[in-house]
Amino acid sequence: MTRILVIDDDEAIRESLALLLQLRGFEVLTASNGLDGVAIFDAQRPTIVITDMMMPGGEGRDVIPQIRRIAPDARIIAMSGSSSSGEGGLLDRAAELGADACLRKPFEPGELFVALGRERG
Amino acid sequence: MERIGAERLDRRWRRLRLIADGSGAVAAGIAACILILWITRIGAGVSDAKFLFAMKPNTAIGFGLTALAFIMLVHGRARAACVLALPPLLIGLLSLIQYAARVDLGIDQLVLRDWSATGVGHPGRPAPNTAITLLVFDTTLIALAAIRGGSFRPFVTKLVAFAVIALAMATIAGYIAHSDFAIGWGTREQMSIPSTVCALALGCGLLAYGWQVETAATALMPVWIPALLCFAVVLFDIATPLQINAGICYIPIILCALWFDRPSVAFVLAVAASLLIVFGLFASPPSAVPFSTSILNRGLAMIGVWVVATLVYLQRTSQQRLLRNARHLASAQELASIGSFELEFAGMTFKASREFEQLHGVAFEAERDWELFLRRFVPVDERDGIREMIRAAQAGENPSDFHYSFLHADGTVRNAVMHCELLHGYEQMPMGIIGIIKDVTEAREAEAREAAIGSQLRHAQKLESLGTLAGGIAHDLNNTLVPMTTLLPVILEDTKDPMQRRALEITIDAARRAKALVREILSFSRKEENDVEAIRLDELAGETLTIVRAGVPTGIIIQAELSPVPEIVASKGQIYQIILNLVTNAAQAIGDRRGCILIGTRAEDGGMIRLYVSDDGAGMDEETQARIFEPFFSTKEAGRGTGLGLSIVSGIVANHGGTISVESTLGFGTRFDLVFPVEGRQDNDAPFLKQAKA
């Protein structure tokens with residue numbers, strides 16, 4: 001079973017993503033900030049990480065390189081609720097940092113599964 | 001006071017100098033001829049021919065030297081002038097002393113020792129008037145030569161020239177009137193014709209010299225005026241034998257002060273007249289009238305002279321003050337561009353100041369009909385307002401400030417403000433108004449410009465703060481929407497009950513709408529990539545139309561008037577967004593009816609490009625027009641628009657250095673005009689494009 005780590009400071013988002021992914025047969029881990037996220041990732045080694053780009057306590061831009069260092073082949077999906085493009089756009093920044101896919105909040109299940117790629121639960 | 005241009009001054013200077021030189025030469029020539037005649041005694045036998053040869057030797061010496069001294073002065077040889085002027089001065093002075101004291105100082109025999117053949121009393125002695133002429137003239141020459149500069153020059157030269165000419169003219173008058181006492185104050189010594197001609201010549205020469213040293217023509221008087229007036233002096237000589245009222249004859253001389261710009265000339269002339277009155281008392285021949293009566297008469301005359309002098313002085317002082325005030329007022333009005341007028345209710349005529357005329361571009365007659373003025377200069381719809389104000393003023397109401405426009409003579413319409421005050425007459429009856437008008441056209445334009453800039457600034461500030469706010473809200477809203485957008489579709493999949501499915505579908509749809517709305521708000525706060533490039537508005541509009549046509553109802557015809565225009569540097573995406581937005585709005589304004597949308601481009605003067613989109617749709621009232629560029633202002637039903645479209649459009653236009661304006665008539669349609677400069681401006685600091693610190 002593919003293990004997915006969801007990092008977001010918003011509890012509603014964490015839980016709804018966990019629910020959705022569990023319904024689709026994934027095993028879901030959650031973390032409410034970047035530091036916890038990296039620690040959990042290090043301990044549990046999930047295949048996929050879905051991380052918010054803007055959180056208190058370790059932002060997405062710190063999380064992505066750290067995870068990359070720990071597991072270069074992990075699939076990292078970045079998400080953000082602020083503007084997607086433009087100068088300093090967080091998602092552009094995420095792609096530069098090495099995120100494999102980007103999601104613009106709010107997204108629909110279809111968009112999420114496209115981002116997850118071929119991975120199945 | 002008229003400043004004379006340098007060239008004109010130069011020409012004038014040369015001419016005056018020529019006159020001065022010529023006059024000096026005439027006087028010197030006559031004196032030299034006479035002196036030669038005396039010395040060679042050729043004329044001794046014909047001395048009775050007094051018209052030709054009655055000029056005394058001393059007079060000839062005096063005039064000769066005086067003329068030379070004058071020529072020296074004119075040519076700037078001050079020392080020579082002083083030396084030459086001194087002997088004739090002494091001749092004049094000593095001669096006068098001899099007359100007054102009835103003594104013989106022996107100077108009469110300077111040249112001619114044997115005068116037995118001449119048949120006159122004192123063949124060597126100048127006549128009294130000649131002596132005065134020499135004394136005054138040479139004193140002046142020495143003063144002018146010795147004292148450099150000083151404002152007294154034009155003043156003194158004019159005064160002395162006047163006196164000399166006056167004496168000479170009086171002599172001529174004496175000859176004409178056959179008065180044997182002409183300028184002899186009762187003695188038998190008479191000023192001869194050659195002396196008179198010399199005195200006239202020197203007087204005119206001095207006058208010319210006086211005008212030559214003036215740079216500004218102040219109170220220039222034509223030569224003939226004082227000369228004519230001085231005929232009055234002859235009255236004195238004619239009256240002398242009677243010994244009655246003799247002094248009074250000098251009073252008219254005082255009036256000559258009216259032609260001098262310094263009021264004090266009246267007193268100078270009064271002093272001269274007083275001296276002459278006293279001198280006449282002693283110089284006149286004995287008569288039957290008692291001496292006490294003569295003194296009384298002359299005393300009265302002197303009082304008369306001084307009374308007249310005082311009146312003339314006061315008159316000149318007040319006249320000059322008035323002139324100064326008038327000049328001051330005219331200059332002040334000109335500097336402030338304020339014209340004034342005075343309207344009399346009695347005849348409804350008005351007088352206008354020069355600046356008033358300047359403001360209207362025409363000269364008015366002295367008394368001008370008010371109604372004619374209104375009809376000529378004030379636009380039809382503004383006349384009644386002014387008439388109303390005047391009517392109120394006639395009823396005694398103090399007029400308030402009044403704004404109106406008037407037609408300038410050059411055809412332009414100008415704005416003015418009128419400020420009036422009521423003029424009261426007997427028993428506070430309103431007699432008229434006195435008012436000022438000020439041309440405020442430029443001030444008005446500046447005010448309007450300022451107001452426009454202010455409103456643009458406020459608009460931009462509003463957009464900026466909204467952008468910041470929207471950025472913050474959007475981020476949170478996006479997070480809040482995630483559970484709905486992700487979970488609801490999953491639940492929908494597993495729901496079989498149609499009612500529940502419908503309920504879920506509606507909720508999902510609402511969440512999607514919320515998402516779209518947040519996107520739109522975000523695009524408002526977001527700084528888009530501004531990939532600017534050179535684009536042609538006509539081409540871009542053409543491209544956009546092919547896309548837009550598909551989305552517009554078939555009942556609406558889109559007509560393009562795309563004349564080729566120069567390129568502008570702009571963001572293609574943003575301009576596309578503008579056109580899309582405007583055309584969509586136009587289509588919505590037409591609605592389901594049949595209608596026409598017109599889109600056009602045109603190159604304009606001043607390197608501007610106009611893009612316009614008009615429709616024959618519903619149109620807007622003025623209140624709506626005033627608010628359409630405000631963010632979140634929408635006329636569309638809830639859910640169909642965010643109210644951000646046009647404010648984004650206006651932001652983009654401003655960001656390209658352009659302007660947007662709207663014209664609309666309710667029921668007839670709307671037209672948007674966008675004007676871009678060819679030198680496109682990309683102002684990256686435009687506030688509404690600043691990224692929200694999300």
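Letters A, B, ... mirror the listed sequences (proteins, then strands); counts begin at 1.
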What distance separates A/I13 CD1 from B/T480 OG1, expressed to the nearest 0.5 Å? 7.5 Å

Proximity breakdown for A/E111 and chain B, heavy-atom pairs closer than 4.5 Å: side chain

Does A/E108 reach the side chain of B/R512, with side-chain heavy atoms less than 4.5 Å apart? yes

Looking at side-chain heavy atoms only, is the closest gap between B/L487 and A/L20 below 4.5 Å? yes

Could you report the tightest heavy-atom contact between A/K105 and B/N478, atom names first, then the distance? O-CG, 3.3 Å

Answer yes or no: is there a donor N or O on one side and an acceptor on the other, between the side chain of B/T485 and the main chain of A/F107, under 3.5 Å? yes

Among B/N479, B/V490, B/L481, the residue with the most heavy-atom pairs under 4.5 Å to chain A is B/N479

Is the number of heavy atoms from other residues, nucleotides or ligands within 6.0 Å of CD (A/E11) greater than 12? no

